[in-house]
Structure formats: C-alpha cells, structure tokens
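Presented below is the structure to which this report refers.
Below, each value reflects all heavy atoms present in this structure, side chains not excepted, and no hydrogens, waters or symmetry copies.
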Amino acid sequence: MSTRGGQQQGQHDDQGQAGEPPRRKRKSRRGEGKPLAAPEPPPPADTRAQRVLYVGCEGESTEPDYLNYLNERFGDGSLTGGRRFRIQPVYAKNGLTPARVVAQVQAKAEEDEAWALFDRDQHHDIPEALERAAEQGTEVCFSHPSFDLWLLLHFQAFGGRRSGSSKDVVDALRQADSAFKDFDKRNNKSVKEGRRTALDKKESDAVSRARSMVKQCEHGRCEAKSTRKDRYQWAGAPERPDPLIPHSGHAADCPVLDRDPSTDVWRLLVSLEIVDA
C-alpha cells in the first residue's frame, strides 16, 4: 500500500492539487530572448536652404493674394529646380503709401531680404520711397499705373500713357479672361481660385511683355537686359550659381515717374527663378 500511495502522490505532484487542471508549459514568443534591433533611422532632413523674402505691398488684397499664389505654386521648389522660397507679404488694412510700404517692410525684414511693391496711382511720396529703399538696399517693383498691369500682361501686351489712371488696364483685364470679368467690382480685387488658374503657366509671357515695355520706353535708351548678374546671397544658401537679379532695365537718367506704362514685378519672378530671363 505504501508503494501505491507513493505512486498516487507522484501523480498529484505532476498534476497539482486535486481538481486543478494540469499546468501547460509556457511557449516562448517568436524572437523572445534575442537582442532588440536598432530602430530604423529617420529619413535624412532636407538640407536645401529656403530663401525667405519680406515683400511690402501697397494694397491689402491683390498683391498679397498674388504673392501667396507664388508661394503655393512655386515655393516648394518642385518647379524651380529644387530652389525653395517663402514670401512673407507685409501689408495693412486700407493699404499703404509707397513710403510706408518701404518703411514697413524694412521694419519687418530687419536683416532679411526686403522687396517693396507699389504703384504710381496719384501718390506724391514715390521719390521719398525710392530714396529710402536705396539707402537700405530694398528692392523695388514699381508699376505704372498699377499692379493690375502686371496681371494683364499674363494675357496680352499693353501700351500707351495712362498718367496714373488704371481704368483702361482694369477694363482690358476684365475682357482678357472670364475669371477676371468682375475684377475691381464691389472691391473684388482678390487673386484666388479661378483667377490663379487663369494666370498659371503664363508667367513667362508676362515677363517677356514687361521687358518689351522697357524697350519701348519714350526715354529711348532703356532696355531690360538679362545679362547682368548681381550677387544675392542669403543666409544658408546652397552652393550654386546665384540667380540673375536684373534691374529694371531703364536708363539711370530715365525719371521713374515718366515710365508710363511699366511694371517691374517681372524682376521678382526672375529673381526667384520662376522664369528664366
């Protein structure tokens, strides 16, 4: 009996207490006990420099909208050979006079790159604005009679003195494309949605027409050449040939207020290498 009792006790030891289910051996999980693999390294950061420009605007709608269009369409560098940029529009409600445009953008940009966009209209402080811009190296894009001329040049050429009045420019723009048929009606001067679509892929035409207008200047010795190379480096710029930063092309003794009609906005697009010139 002692032997039988010993066998029964051994069975209890294997099965645990009477009435309990037998214990199962724990299976090791796949890979358990092996050293942990190092995490995948993050993708390399994009080290291409992003050019940052502060651009002062006379208007509170048209110019800022257009600059934001340039940011969205070309800023990521996919259409400019990888050369990225970001434009920071500087503007104020109810607009700014040319001298205030220059002052505001210089204050915002501080040591960064600064540009100023303003029109002829009927302003009296343009000489002051130009002098202040020259003192601190602010680039100026002057339009005579208005920035609206730059938009129109995307669709057609334009000529004839306007003495600061943009009525004929706006009338032509309304007829140039259906997206602009209500432009400047009920203060609708935005450049969004369908109007951006209408402008798209016409940048080269606009630059070409703007440069042609320089050559047609009544001064007689003005020509928007693209052979001049001005060095323009910004902090962190990648090693590459610097872009062409052509000046307006007007002769040094050609009075700014006599450049009628004209627009220098083309210089900004060439500077950003959106258009080759």
Side-chain angles (χ1 to χ4, degrees), residues 53-67 87-109 113-153 158-174 183-191 206 209-210 213-214 216-219 222 224 247-269 271:
L53 305 85
Y54 285 79
V55 181
C57 306
E58 176 185 331
E60 63 174 312
S61 176
T62 311
E63 295 95 323
D65 282 353
Y66 179 76
L67 296 175
I87 299 172
Q88 180 61 51
V90 177
Y91 58 98
K93 187 175 181 179
N94 299 323
L96 297 166
T97 65
R100 292 295 296 161
V101 170
V102 175
Q104 291 274 20
V105 76
Q106 288 176 343
K108 292 287 186 180
E113 187 176 348
W115 290 66
L117 309 184
F118 55 82
D119 304 342
R120 174 63 183 97
D121 292 331
Q122 302 298 329
H123 295 301
H124 300 287
D125 63 344
I126 292 176
E128 177 188 348
L130 295 172
E131 182 178 357
R132 181 164 187 163
E135 287 175 353
Q136 296 194 31
T138 298
E139 298 284 351
V140 172
C141 292
F142 174 68
S143 295
H144 194 321
S146 65
F147 181 84
D148 305 335
L149 173 61
W150 170 248
L151 301 178
L152 176 61
L153 294 181
F158 189 81
R161 298 180 69 87
R162 293 298 182 275
S163 301
S165 173
S166 60
K167 180 182 182 303
D168 292 340
V169 174
V170 171
D171 287 344
L173 180 58
R174 290 172 179 167
F183 186 78
D184 203 17
K185 292 182 179 180
R186 299 179 181 178
N187 294 321
N188 181 7
K189 297 197 70 174
S190 69
V191 182
R209 290 167 181 147
M213 294 176 74
V214 177
Q216 295 166 12
C217 180
E218 293 182 0
H219 182 271
C222 301
H247 285 250
S248 67
H250 289 276
D253 59 344
C254 178
V256 174
L257 299 183
D258 288 347
R259 301 170 187 177
D260 182 13
S262 68
T263 178
D264 301 330
V265 181
W266 66 276
R267 296 181 53 237
L268 178 61
L269 274 74
S271 170

- Query: With the threshold set at 4.0 Å, does a side-chain nitrogen-carboxylate oxygen contact exist between D148 and K189?
  - Reply: yes
- Please determine if R120 and D260 form a salt bridge, counting it only when a charged side-chain N lies under 4.0 Å from a carboxylate O. no
Validation row: [X], [Y] side chains within 4.5 angstrom (heavy atoms):
{"X": "V90", "Y": "L96", "value": "no"}
{"X": "V191", "Y": "F147", "value": "no"}
{"X": "D121", "Y": "S146", "value": "yes"}
{"X": "P89", "Y": "E63", "value": "no"}
{"X": "E139", "Y": "R267", "value": "yes"}
{"X": "L151", "Y": "T62", "value": "yes"}
{"X": "F183", "Y": "V170", "value": "yes"}
{"X": "L130", "Y": "F142", "value": "no"}

Quick check for you: to the nearest 0.5 Å, what is the distance between [X] atom [atom1] and [Y] atom [atom2]?
{"X": "D184", "Y": "S190", "atom1": "CG", "atom2": "OG", "result": "11.0 Å"}
{"X": "D264", "Y": "W115", "atom1": "CG", "atom2": "CH2", "result": "9.5 Å"}
{"X": "R259", "Y": "H219", "atom1": "CZ", "atom2": "NE2", "result": "9.0 Å"}
{"X": "C222", "Y": "D253", "atom1": "SG", "atom2": "CG", "result": "8.0 Å"}

- Task: Decide side chain to side chain donor-acceptor pair (under 3.5 Å) for D258 and H144; before the verdict, give the C-alpha distance in whole Å, the side-chain angles of both, and the deciding distance to 0.1 Å.
- Result: CA-CA 9 Å; D258 288 347; H144 194 321; over 6 Å; no
- Task: Given side-chain contact (heavy atoms from CB on, under 4.5 Å), test W150 with L269 step by step and report yes or no.
- Result: CA-CA 12 Å; W150 170 248; L269 274 74; 3.9 Å; yes
Closest non-hydrogen atom pair, [X] against [Y]:
{"X": "V102", "Y": "A129", "answer": "CG2-O, 3.7 Å"}
{"X": "H123", "Y": "P98", "answer": "CG-CD, 3.4 Å"}
{"X": "R209", "Y": "L153", "answer": "NH1-O, 2.8 Å"}
{"X": "L149", "Y": "S262", "answer": "CD2-O, 3.6 Å"}
{"X": "A133", "Y": "V140", "answer": "CB-CG2, 3.6 Å"}
{"X": "G249", "Y": "V214", "answer": "C-CG1, 3.8 Å"}

- Message: As a quick check of understanding, evaluate side-chain contact (heavy atoms from CB on, under 4.5 Å) for L53 and L67, giving each step before the final call.
- Response: CA-CA 11 Å; L53 305 85; L67 296 175; over 6 Å; no
- For the pair E60 (side chain) and N94 (backbone), establish whether a donor and an acceptor sit closer than 3.5 Å, ignoring hydrogens and angles. yes
- Task: Mark yes when over 12 heavy atoms from residues, nucleotides or ligands other than R100 sit less than 6.0 Å from its CZ; otherwise mark no.
- Result: no
